[in-house]
Every structure is written in C-alpha cells, then in structure tokens.
Peer 1: 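Okay, here's the structure, questions in a sec.
We use all heavy atoms of the structure for the numbers below, so side chains are in, but hydrogens, waters and symmetry mates are not. Model, not experiment: these values are computed from the prediction.
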Amino acid sequence: MVEDGWAASHEPLRLRAETLDAVVRDWYEDLQSPVQPLSGQLNRRLAEYALDRTTAETDGALAGEPASAALADSFSSRFSLFDDAGVGTADALVAEFEGSDLDDRIAKATVDAYRYYRDLHGDYVDEWVCTRGEMFDAVATAEQSLSEFSPELDVVILSGYHEFRPVERRLIERLVDELPMIALLPLHQDGRSGVDAVAEDALEIYEALDFETVELEPVDESGRVFGTITESLYRPDPDTVPTPDTLRWRELPTPEREIRFVARELRTELANGRDPDDLAVVVPGTEAYSGYVEDTFDTFDIPHVTTAASQLNRTFTGSVVHDLLNLAEPDPRAEDLTSLLANPLVNVVDTDQVNAVTAAARRRDTVSVSLLLDDVDDQAAALIEELLATLETLRTEDIEDATETFRRLLNDRFDLEAATEDYASGAEQAVEQRAYDLVDEVLSSFESLAAVNSDLSPLALFTRAFDGVPIRVPQRAAGGHIEVMGLLDARMRSFEKVFLVGLTSEHFPVTPERPAFFEEMTDAHPRFDTGDERLRGRYLFATLLANVDELTITTPETGDDESAVVRSPALDELQRVTGIEPEDGVDDRVGSREDLQRHVAATADRRAAVSRAGDRGDISPEQTKRTDRGLHCADNRGTAGLSEHDGVLEPETVDEVYPPSEREPYSASRIERYVECGFKFYADEVLGIDDPDDVEVVPTPLETGSYVHDVLERFFADLQDETEDAVDLTNFDRDDLATHLREIAVDELRDADFEYDGLFYERWKAELFAGLGDGVSAPYEAGSKPHDAPEQGLFATFLDNELSRDGAGRPHLFEAPFGEGLPDSDAGPFTVERPDGSTVSIRGYIDRIDVGRDGEQPTLTLYDYKTGRAPYMTKTTGGTKFQLPIYLLAAAEVVDGDLFEQGSLSATYYQVRPPNDLKVPRGVESKFDSEVELRRFLNDVVPEWLGQIDEAIGNGRFHTTLLSARGANCRYCDYSRACDVRHHRKREFVDEVHQDDAAYVPLRVRDDEDIEAVMSGRSAND
C-alpha cells in the first residue's frame, strides 16, 4: 500500500518497503555469509526435547510426564524472548535471575530447560541456522557502518512499532547514529496513559535518542472528529463527545446476520461507485468468522481478499496428517479411516470404494478398523491393510525411519503437495498450500534433530508436534478487492470506510493462555514481558478509529449456540464516552438472489409481474410458464382453503391410482396414518414413495416392535399348549419361566437375522435380556464398555410385572387374527357397519386378550403392545387413534360364545419400552361413565368415523395434517421439505376443511363439538 501510494506521485525506485527483520537478514548476510533463520517449528522441537529431558532428569517444578504441546509452545515462545533480550546462554539466564523475587523453583526449572535447549541447539542445529537475536545483535555490533550495507539509503522511516524488544532497541540506537531516521508513532493522548499506555516504551526510546517531535494534525474533519473520541477514551470524567454521523453501531441477532448485513452494506457502497480499495472489513475473531465471510461474500459477489488465521488441524491438509497419526495407533478407529478417505485432498481409492467403506462403517457402527475390513471388497481391504502396515513403523521404528516413512506417504501415496495446488483457488487454495508448507517444516525439523535420543515413540512425537499448530496466510495484493483482516493487520492502515465486526469480549481483546509461572517471571523481570494484551487492544482500537473516515461496528446478540454474548470492554468504553446506542433489528435489504426472491414473494401480484417480465423478454417463454405455475401453486398453498395443490384429487383419479381393491381391507395402523397426515399417507400409500434407506446401528423401532411382539406371543402361546386354557403364570416356577422366556427370545433373535454389529447393538440386546437368567447364555457381551448393561432389561421386567398382577384376567388369546387376507390365517372378512348401512372392511391382529371369570360378570381385556410411548386415551375418543376400538369391535368375532356380549369390555395399551419402562394405563373404557356409553361409542360413533375416513380417501382428500406439528410428528417426517403446514394459521385451515363434506376432521381438532355430547349420543345443541 505504501509503495502504491508513493508510485502515484513519485518515482517507484526511490522507495523500498521492507520489514525490519528482512533488512536485518540482508545486512547479516553481507556481514557474515548466507544464513537460514531458525524456523518456528525447529525452535519448538528444540523446546520439546529440552522439556522432555527436564521432566525426566530433574525433580523440580517440571518433573513428571513428558511436556504437552501447549507447554512446549509456551516455552518455545519464552526461549525466543530470551534470545531477543540478548540472553544467549543458561549462565546468562542464571545471572539474570540472581537476587530477583522470582520463586527459586520456577527459576531453577526454567534454567534447566533453557540449558538443555541451548545444548541441543549447539549440538544439532547447523551452523548456518541463525536465531533472530543473533542476527540483530551481529548487525547492531558490526564494526563497519550500517550505511555501507545499503549505500543507496537516504533516510529510514520506521513505522508500526509501539513497543520494542531489547535487541530491536539496540539496533534502533545504532541506526540513529548512522542514518537519518523518521519514526512514526500514533499517539492519541499524552503518550503514556489511557490508550497510549502500551506505547510508553517506544516513546521513551525515541525521546532518549533525541528524536525531534513533530505533531501532525488531522487533515480532514473526520480525523478531527474521531481524534476527539480517542482523546477521551480511558480517561476519568471525559468531556461529553457527541456521536458523529460517521460512527455507527449495528447489533444483529447472530454472527451470520452480522456478516450478511456487512455484505449488503458493501454491495451498496460498490453500487454507488466506491473503490473497493477504500473499504475494509476488520474482524478481531477472524478464525470464528472466516466461514461466514467466505460463504456470504461469495453469495453476495463481494470481491475480497482475506488474511486467514486458523489452526492446522482445521485445514484439509492438517486433517490428512491427524487422521494418519490416529490410524497409526495400535487399534485404529474406523471414523479416522472414513475421515481420511472422505478428505477432498485424498484420492487413493475411487468414489465407489469410499462410499462402500463409509456405508460399512455406519452399518456395523464399529469402533475398530479391523472389524470394518470384513465388510469391504478385497481391493479396498488390501489398500487399507497396506496403509496400516506402513503406519505401524511410526510406533516401532526410530524417528529417522518414521520421518522418512511419513514423508513418503504424504508425497508418494497421497501426493499432497500437488493436491493442494489443484484444490479450489484463491484464499482456500492459499490456506491449504500454507498448511502443506507447515507440515513440511515440521517434518524438516525432525530431520534436523534425527540424532537426538528420545524416550517417546515417533508417533507420540509427531502427535505432539502437530497439535495446535497455528496457520496464517500472508495477505495478497488487494487491488480491486475489499480487504478482510484482523485488528493487528489494520494498524498503521487508513481507509475511507471500515466495518469492525464481532466486537465481543470473546474475540477482543484476547489474552493468550500461558503457564502461571511465566506471569511471575514477567512481574520479577519486566524485560521478559511479552506485553499487556489488554493495553495493546485499547491502543489498536483507538488507532483504527483515528485512521478511518467512517466506521461501522457490528455485534451479535447471541453466539452460534444461541447463548448470549458479552460486548467487548472497548465498546463499553466507547459507549461511556459518546453515549452511542446500537441499531437493532434484522436487515432485510436486497443484496443477493436469495434476498431478491424473498422480496418478490411479498409482491402483491406476482403473476402479473412475471407476465410483464416475459413480455419484455427478461425471461424466456418456458421460464415464464414454469414460474407462473409455481406462483399459482404457491398462492393456493398459501391460503386456508383446499385446492388442487393441497392434496385434493378427483374421485375418478383415486379409482385409477388407489382403487378399493388396493385400499381395503384397511388396517388400524393405516387408518391412523391417514388421520395423522393425509399428505404423508398419499406419498407413502398412493404414490408408493419408499422411505430413504437410513443407516441404522440398531434395529429400527419397527423391527424392535415386531421382534418383541413375536417373543411375547410365543411365550404365552407355548405355555398355553401345556395347559390348554388361559395361562396362569402362578402355576410355574419363576426361574423356569425366565429360562423359557430367554430361550424363546434367543430363538426369535436368531430367526430375525438382524444384520447389526458393534457396541450399540450389544447395548440394544442388553436392554432386552439383562437379568433374564444366567450370563453364560445371554446373547450379549455383559459389561461391555462403554455400554454397561442395565441390571434388569425388558424381558425380565415384563415377567416380574406379569407375576405381580393379582386379580387381573388371565392371558387367553395372542396375536388373534381378524379379517381376510392375512398370512397364516383363514379368518373370513370383517366389516364395520355404519349407521346408514354402508360398511368398511378391516383386518389385523389383536396382540393379546385376557379373560377373567372369577366375578359375577366375565371380563374381556384387550392389549396392544407398544415398544414406544403409549398414546393418551383422549386420542382414541378424539378420533385420531383407532387401534383399541377396532380391537374391541373385532373381539366379537374372535372370542368364543357369548363372552363379548355378556362380558365387561376393556382395552388398553401395554407399554413395553426397553430397557424397563412398563406401563399399563387405564383403558379406553375409563373415558365413559357406563358400559352402555362405551358400546354406543363402539357401535355408532367409531363406525361413522371409519366410514368418513373411507369416503375421504375415496374422494381424494389427501391434504396436510389437521393436527398440531407435535401431534402429527412433523419434526420427523420425511416429506417436511415438500410440505406447507403453517401452524400459525392452523385454526383457519381446520375451519375451511370442516366445511368440506367429503373430508374427515377429527373430533379433537373441532371447537364446535362437545366431546361429552358426542360420546353420550346427544347433539351438541341439546
């Protein structure tokens, strides 16, 4: 930017912009010889090995386990600081600590680690590798004049420094003696307090070196306005500063909404002719917001470049490395293999094989790769086994062989460098390429120190080395693009308009975590201070304010997880000084195609607008026709009334696609599915759309229910074969019953032939079999971690519950069939007759019928087993559940003799929900005051409702549900994306459908009906 500005009015060759480190390196090479700077990763390896020796060979503060990655990173940074402070030996550090207030244990542990660090550096680092401190010191103490290194220099301009490390200070002192210098230091107050507190060090150095102070006044009104604000920040009792029009604060609901607001603002600025180079987006939390920025700016077509800051393991390149290291463990996990194969940079097997491996992993739900290999084809299995065998050397060989093997895998097997070059483009590609460079730098550091002995395996060393590696991509030239950067990158930069995004306490200012004893070291030895992040943040915030013409600050009301966020203290201070208040609400301006579509949706006459667009030629005739049809459908679906777009068919059409021969006889479950949602019923039953094949790790609810039904049926039926009468469990020994139940359950499980495997399936079996007899014959691995079996599972709990039911009827019939067309049944047709004489044909099985003959009147109790939650009885009396009343009506043809006519009727659900949730609620008869009312409900009301449902289906009424979203299970519906159930106006929809004589409207959703009146046979108006 400096060079571009200079070139606009001066000769480009008269200016050279360089970092101070780059200039020092050039001068050092002129002074000594070509040099290789000590890389950050090599420095960290030295610190890791030094700490390992310290923890193993001393009994001080660092004794114990090998150093973690976080501790090694902290010591690596501290050792670099020692180097910058001119402390190049352990003895020099001892002298530094002598007589200080620093705790002796901390001092000794640090000296021990630094001594090992310096020894390793001297023994294993090449002589042409030089530290930053060594280069600065050599240049600062060179015998010849520095001007001889760069005779073309007329003046040196130093910019961007507000604090100096010792070696930097020594060099500045030398430069001032030999070359004309100008130092630029933004100051907002007195240079020593408030926001300028962090710049006190630099100011003292410049004053001590006799720099002439020249104060530069703002060149325009915006500079003066913002200067007034920065002068008042962090000062007691500041003068009231009015909020300028050029300063805005916008609060949006979420971080994503923040970025969308900024994108719309940028679109407006660009549309008004603003040069992208005059705009910038500053994001203190660049890592947290990077995904939103990329996605949203691409959606809104915002030309931008960004400084990407992240962690290596968040890149695809880093994921390859981490997955390979995990696969090198003794018992690698399947999820690491599937993650590796699904990585877009990996192409070792074809897509079909990747899908096959992933599907097999989900199907078996296995933790281990070894079990997964049984389910993949031979070619893929061979490749995987070869990879695992190669990775085994990371555990068994020395570090030199392991590093060579790891390089060979990355370069030859995965060709990772070429993959990063071919991946995407722009910022995404730059991130992956930088990630690859970091991986190469880590491996190079191990190669440099291959001769160092370590008690840790290469795998452990690699895992620690790649843990928490930061990645930063240098920003590209921004010409014609809006720059997106962190707050540190924005220092000493000026823009016409800046958006400061995400000013929360989480992202600004951020205080890095570091071991507590380093804080004590800083207090005892200020020259080892790394700077106060809080003070630095205040200074950077004020500097940004002073360098822009317009500033818009955005904050979110909640975070990504919908939790409340805390504003940054810097924003609180700005509010204290200026009284600024946030503008809130959602920004609904048009900035993308998505926004445009939402606005078009609110247009009064959309079809007319489409016609005019077609007449002008803006859209083709085909697009006009398709859009018009879509709008017509949307209009119909957007109203409460029924139309051809609301699942309504003509009866003739129904006869073609779903004739009576296909729909009758009905089952109770099919009737309930229609009442639950006609649209879902139409998709499933009429159109025959198959449910998606979900990958399951345990038997589905349907499979579980069928299995449990079969077990309970056989349990009683086999006992009944012995007694030839109703089953009285008290006549049997409890242990014999448990053995009998277990044998049947195991036999049925074998016949079911479930194709499941893994810990979750073992847990599923444990929830059924636990506590049912001895553990030797249990069909599950008792005690398998992490899924310990419950003490008592479903079957054992069921048996105990049955044995404790004193006074209840005895089990008599099991899975009793009614109606024609059922497998293994010769039952004749079963019809329910309506009051008008028409009939509805039904078929099914009654799960269980208990008979009691001990009292004056026999009892007939029907049960419907539920392995899920049992419905409330009000759903039966409300006309949405029909299982129990259909059971009762069918019982007249199933039981012998006059038992149905003479007996007291009862029907309920028997909840048998794994692992041990058993419940037998009061039956449907409890909703009636007498047996007479119950039978009237069965003989008059239920047949009428069933007839209405039959007619509604025949008349093509397949509209969406009339129930609540919860009542219709909309949350779990496979067709929810194609549905238009608008629950906020459900009442209006119900009223409209109720006026349709051909539709069925359940009693429970009708406000104009008295349920008690319907149940008792009275009119609602009586």
Peer 1: To the nearest 0.5 Å, tell me how far R935 CZ sits from L905 CG.
Peer 2: 4.0 Å

Peer 1: Could you check whether R750 pairs with D747 (Lys NZ or Arg NE/NH1/NH2 to Asp/Glu carboxylate O, under 4.0 Å)?
Peer 2: yes

Peer 1: Keeping T358 on the side-chain end and V354 on the backbone end, is there a donor-acceptor pair under 3.5 Å?
Peer 2: yes

Peer 1: Please report the interatomic distance NZ(K866) to CD(Q911), rounded to the nearest 0.5 Å.
Peer 2: 10.5 Å

Peer 1: Would you say the side chain of F715 lies within less than 4.5 Å of the side chain of L737, judging by non-hydrogen atoms?
Peer 2: yes

Peer 1: Please name the pair of heavy atoms, one in L860 and one in I849, separated by the smallest distance, quoted to 0.1 Å.
Peer 2: CD1-CG2, 3.7 Å

Peer 1: Checking the side chain of E951 only, and the main-chain atoms of A998 only, is there a donor and an acceptor separated by less than 3.5 Å?
Peer 2: no

Peer 1: One thing to verify: whether E676 and R673 come together as a salt bridge, which I'm taking to mean a side-chain N less than 4.0 angstrom from a carboxylate O.
Peer 2: no

Peer 1: Is there a donor-acceptor pair under 3.5 Å between the side chain of R742 and the backbone N or O of L772?
Peer 2: yes

Peer 1: Would you confirm whether D836, through its side chain, and S838, through its main-chain N or O, come within 3.5 Å as a donor-acceptor pair?
Peer 2: yes

Peer 1: Sequence neighbours excluded, which residues qualify as side-chain contact (heavy atoms from CB on, under 4.5 Å) partners of S930?
Peer 2: V932, E933

Peer 1: Indicate the atoms forming the closest heavy-atom contact of V912 with L794, along with that distance.
Peer 2: C-CD1, 3.6 Å

Peer 1: Could you measure the distance from the CD1 atom of I842 to the CD atom of E664? Nearest 0.5 Å is fine.
Peer 2: 8.5 Å

Peer 1: Grab the two heavy atoms, one from D646 and one from N636, that are nearest each other, plus how far apart they are.
Peer 2: OD2-O, 3.5 Å

Peer 1: So, are R607 and D635 salt-bridged, with charged N and O less than 4.0 Å apart?
Peer 2: no

Peer 1: List for me each residue that meets salt bridge (Lys or Arg N to Asp or Glu O under 4.0 Å) alongside K875, sequence neighbours excluded, and say none if there are none.
Peer 2: none

Peer 1: Looking only at atom types and distance, does a side-chain atom of D847 sit under 3.5 Å from a main-chain N or O of Y865, one as donor and one as acceptor?
Peer 2: yes

Peer 1: Tell me, please, which residues at least two apart from E944 pass salt bridge (Lys or Arg N to Asp or Glu O under 4.0 Å).
Peer 2: R834

Peer 1: Between Y707 and T867, does the side chain to side chain contact (heavy atoms under 4.5 Å, CB included) criterion hold? Intermediate values first, please.
Peer 2: CA-CA 10 Å; Y707 168 68; T867 50; over 6 Å; no

Peer 1: On a heavy-atom basis, which atom in Y1000 and which in G879 lie closest, and how many Å separate them?
Peer 2: OH-O, 2.6 Å

Peer 1: The criterion is salt bridge (Lys or Arg N to Asp or Glu O under 4.0 Å); which residues satisfy it with D710, sequence neighbours excluded?
Peer 2: none

Peer 1: Let me know which of V895, L888, D850, V894 forms a side chain to side chain contact (heavy atoms under 4.5 Å, CB included) with L862.
Peer 2: L888

Peer 1: How long is the gap from CH2 on W945 to CD1 on I671, to the nearest 0.5 Å?
Peer 2: 13.0 Å

Peer 1: Has T338 got a side-chain atom pairing as donor or acceptor with E335's backbone, closer than 3.5 angstrom?
Peer 2: yes

Peer 1: Heavy atoms, side chains only, cut-off 4.5 Å: are P885 and T876 in contact?
Peer 2: yes

Peer 1: Evaluate whether atom CG of D751 has more than 12 neighbouring non-hydrogen atoms of other residues, nucleotides or ligands under 6.0 angstrom away.
Peer 2: yes

Peer 1: Going by salt bridge (Lys or Arg N to Asp or Glu O under 4.0 Å), name the residues that satisfy it together with E925, two or more places apart in sequence or in a different chain.
Peer 2: none

Peer 1: Enumerate donor-acceptor pairs with a distance under 3.5 Å from any side-chain N or O in residues 811-822 to protein atoms, sequence neighbours excluded.
Peer 2:
none

Peer 1: Can you check whether R670 reaches F882 side chain to side chain, under 4.5 Å on heavy atoms?
Peer 2: no

Peer 1: List the steps, then state whether ring-ring contact (aromatic ring centres under 6.0 Å, His included) holds for Y910 with F798.
Peer 2: CA-CA 10 Å; Y910 198 142; F798 175 80; 5.6 Å; yes

Peer 1: Verify the neighbour count for atom CD of Q857: are there more than 12 heavy atoms of other residues, nucleotides or ligands below 6.0 Å?
Peer 2: yes

Peer 1: Which atom pair, heavy atoms only, marks the closest approach of L884 to T908?
Peer 2: CD2-O, 3.6 Å

Peer 1: Side chains of T839 and E833: closer than 4.5 Å at any heavy-atom pair?
Peer 2: yes

Peer 1: Which atom names give the shortest non-hydrogen contact between L963 and P1002, and what distance separates them?
Peer 2: CD2-CG, 4.5 Å

Peer 1: Just to verify, which of F769, Y756, F754 counts as forming a ring pair (Phe, Tyr, Trp, His ring centres under 6.0 Å) with W764?
Peer 2: F754

Peer 1: Do Q883 and E672 touch side chain to side chain, with heavy atoms closer than 4.5 Å?
Peer 2: yes

Peer 1: What's the spacing between F830 CZ and E893 CD if we round to 0.5 Å?
Peer 2: 5.5 Å

Peer 1: Any chance you could measure L642, atom CG, to E644, atom CD, to the nearest 0.5 Å?
Peer 2: 11.0 Å

Peer 1: Under the side-chain hydrogen bond (donor to acceptor under 3.5 Å, both in side chains) criterion, do S669 and S667 qualify, and how do the steps go?
Peer 2: CA-CA 5 Å; S669 59; S667 67; 3.2 Å; yes

Peer 1: Name the one of T960, T961, D684 that satisfies side chain to side chain contact (heavy atoms under 4.5 Å, CB included) with F679?
Peer 2: T960

Peer 1: Can you check whether S904 reaches E931 side chain to side chain, under 4.5 Å on heavy atoms?
Peer 2: yes

